[in-house]
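All remarks here apply to the structure that follows.
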Amino acid sequence: MSSHFIVECLDCGNRAPFFPGSPACPNCGSLWREARYDYANLSYSLPVQLAGRPFDIWRYRELLPVRNPNPDLSLGEGGTPLIHAASLGLMLGLSNLYIKDERQGPTASFKDRQAAITISSIKEAGITEMVCASTGNVAISYSAYAARAGIKLWAFLTSLVPAAKMREVAIYGTQVVKITGSYDQAKLVAEEFARQRGLFLDIGSRSIPSVEAMKTIAFEIAEQLTGLLGPEQKLSNNAPDFPWRTPDWYFQSVSGGLGPLGVIKGFSELKSMKLLGKVPKMGIIQVEGCAPMIHAWKQNRETAVPVQSPHTLIATLATGDPGRTYTLLRQKIKDETSALFESVTDEEAFRAMHLLAKMEGLSVEPAAAVSFAGLIKLVRAGKIKSDEVVVINCTGHTMPIERNILGEGWEHTIDMKAKGMEENREEGLLAALSNVGIDKFPRIAIVDDEPDVRRLIRRILQSQGNYELFEASDGKSAISLIKKERPNLIILDLMMPDVDGFSVMDALQKEKETQDIPIIVITAKELTTAEKERLKGHIQSLMQKGDFLSDDLLDEVRTLIK
Ligand SMILES: *Cc1c(COP(=O)(O)O)cnc(C)c1O
Ligand SMILES: [Zn+2]
């Protein structure tokens, strides 16, 4: 049967047709192979074909290793939105920060792409039973697609996977095998089980359908960015035109490395088809307690030293031994682009998780938050330029919020059985509600002429919950607002037209009722010595726009309001 693609062995160069049931190279037995398509032809035909198709993973079918896509297996995979992260971008000083929201896949992680293409591929090969090892999300996603395809699935999970995720796997009718040990051990047991029974085994990042599935993240990002920002900017006047847009950076939290491997392949295929001029720089983020790739990259090693026992609560990212995937990823990065590798602690990831939910309305799982924590760290280290276009993969949704993340004291409780409630319901209820009322909360005035900045600060304070807020958009109305409301604290912008922040401070100094109100100055500019002199003695705190996180501001506010 002729096909629209062929697989090439990375070890001996042998080219052969693809059969999902026999993944090894027919010449040398290597499992490391890559799919190749007719890029010269697709360079002309693809843009035309795409024009009339829905925005889902199958719009790229000429570049996917499935011969006859079966609509009956689809759950609406791919086609996730690219969201402008306005608040987070403002905090980090990045005006072009975009979130590829992979939580919006059918089982709420980017593994849905992998599962959709893999299950389609083995279904058309007539395979009816399979084995996979997983840190959680692969098993959930494969389970859903296997259920649709009528394929029996054995999922080998490490016992570190949260119980709620295990149950999610089981509800689809998957055979769950829990391994008390590491993910790498679970992989070995799964392999042996499949070998003994002669079952199809998912080979992770060596699997052709899986790598090909992850490519589509790159395709979608390029198409979406083109829609938002227009075609790629030329590097020089006589440089060629490219119809699509590449981000400057692609960020992802990494466990086994399948995602970035596929995404780089996707961008370089677009380059081969002359739709793009470059592959983005990669931001590869791992969790500190299991960061074999970060260590290897920083030591400039070709192979990673496996982490025997990962120390992290974030089981999704607990691949201790990335094997040859790291070597391959490193080679691709060196050949096609460049990268930053960074690790973050569990704690930093949990903080980023809070931040994303409060500031952008995205509830993500800790593994997804890891890449955001990494981005924050690298921005603060001055490694990302403020005008660069950054796309960050929001890899998965949290379900449910694990207990250790939220900490204590996050809820308001009203006990309807408490004393007094039964006898006098109305009155008791009012009394109970007044405990959650706002009348006792500290009052804060926010003064800034930029609506975006006011919204950001309001959101930061609101998310903490316990402040009454007032806003003024210019110096003149700020002075009268402050005189009238007598807030406990003022958050003040310096650069405003007409009456600026300095003049507001002068006016407040003159009145007895307002001269003692603490002020936090937030400014977008570097101050001159003369300006710093003017501020002396008047303000309690100074923050630079684009260079503070919500918790930094909250800490300041809490210190100043007793
Ligand atoms: C699998 C997974 C990752 C890690 O991705 P790899 O490409 O396999 O390294 C990150 N986040 C989430 C939510 C995942 O499910
Ligand atoms: Zn070979």
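When a ligand or atom number is given, it counts from 1 through the structure's own listing order.
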Distance filter under 4.0 Å to [X] heavy atoms, resulting ligand 1 atoms:
| X | result |
| --- | --- |
| P260 | 7 (O) |
| Q252 | 5 (O), 6 (P), 7 (O) |
| S255 | 4 (C), 6 (P), 9 (O) |
| G396 | 13 (C) |
| L317 | 3 (C), 4 (C), 10 (C) |

Do [Y] and [X] meet the salt-bridge criterion of a basic N to acidic O distance under 4.0 Å?
| X | Y | result |
| --- | --- | --- |
| E34 | R206 | no |
| R59 | E223 | yes |
| D11 | R324 | yes |

Checklist entry - Under a heavy-atom criterion of less than 4.0 Å, does S205 contact ligand 1? => result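 No, S205 has no heavy atom closer than 4.0 Å to ligand 1.
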
Checklist entry - Is atom CD of E302 surrounded by more than 12 heavy atoms (other residues, nucleotides or ligands) closer than 6.0 Å? => result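 No, because the 6.0 Å sphere around CD of E302 holds 12 heavy atoms or fewer from other groups.
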
Item to check | Heavy-atom neighbours of R245 CZ exceed 12 at 6.0 Å | outcome: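 Result for CZ/R245: enclosed.
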
Checklist entry - Are K278 and W249 in a cation-pi contact, defined as NZ or CZ under 6.0 Å from the six-membered ring centre and within 45° of the axis? => result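 The answer is no; the distance or angle limit is not met.
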
Checklist entry - Is there a donor in the side chain of Y145 and an acceptor in the side chain of E77, or the other way round, less than 3.5 Å apart? => result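 Result is yes, a qualifying pair exists.
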
Is the shortest N/O to N/O distance between [X] and ligand 1 below 3.5 Å?
| X | result |
| --- | --- |
| F110 | no |
| N137 | yes |
| G257 | yes |
| T316 | no |
| G259 | yes |

Next on the checklist: With a 4.5 Å cut-off on side-chain heavy atoms, are Y250 and K281 touching?
Outcome noted: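 The answer is no; the side chains never approach within 4.5 Å.
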
Checklist entry - What protein atoms of element N, O or S are positioned under 2.8 Å from the Zn ion (ligand 2)? => result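 Near the Zn ion (ligand 2), the protein supplies C9 SG, C12 SG, C25 SG, C28 SG.
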
Item to check | Shortest protein heavy-atom distance from atom 14 (C) of ligand 1, along with the residue and atom involved | outcome: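 Going atom by atom, the protein heavy atom closest to atom 14 (C) of ligand 1 ends up being K111 NZ, 2.8 Å.
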
Next on the checklist: Can you report which non-hydrogen protein atom sits closest to atom 12 (C) of ligand 1, along with the distance?
Outcome noted: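 Answer for atom 12 (C) of ligand 1: T395 OG1, 3.3 Å.
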
Checklist entry - How long is the span from the CG atom in L362 to the NE2 atom in H397, to the nearest 0.5 Å? => result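 Interatomic distance, L362 CG to H397 NE2, rounded to 0.5 Å: 9.5 Å.
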
Checklist entry - So, E336 side chain and I333 main chain: donor-acceptor pair closer than 3.5 Å or not? => result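 Answer holds: no.
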
Checklist entry - Donor-acceptor pair, T216 side chain versus A213 backbone, under 3.5 Å? => result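 Side chain of T216 to backbone of A213, a donor-acceptor pair under 3.5 Å: yes, one is there.
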
Checklist entry - Which of parallel (below 30°), tilted (30 to 60°) and perpendicular (above 60°) describes Y37 and H4? => result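 Rings of Y37 and H4: tilted, 30 to 60°.
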
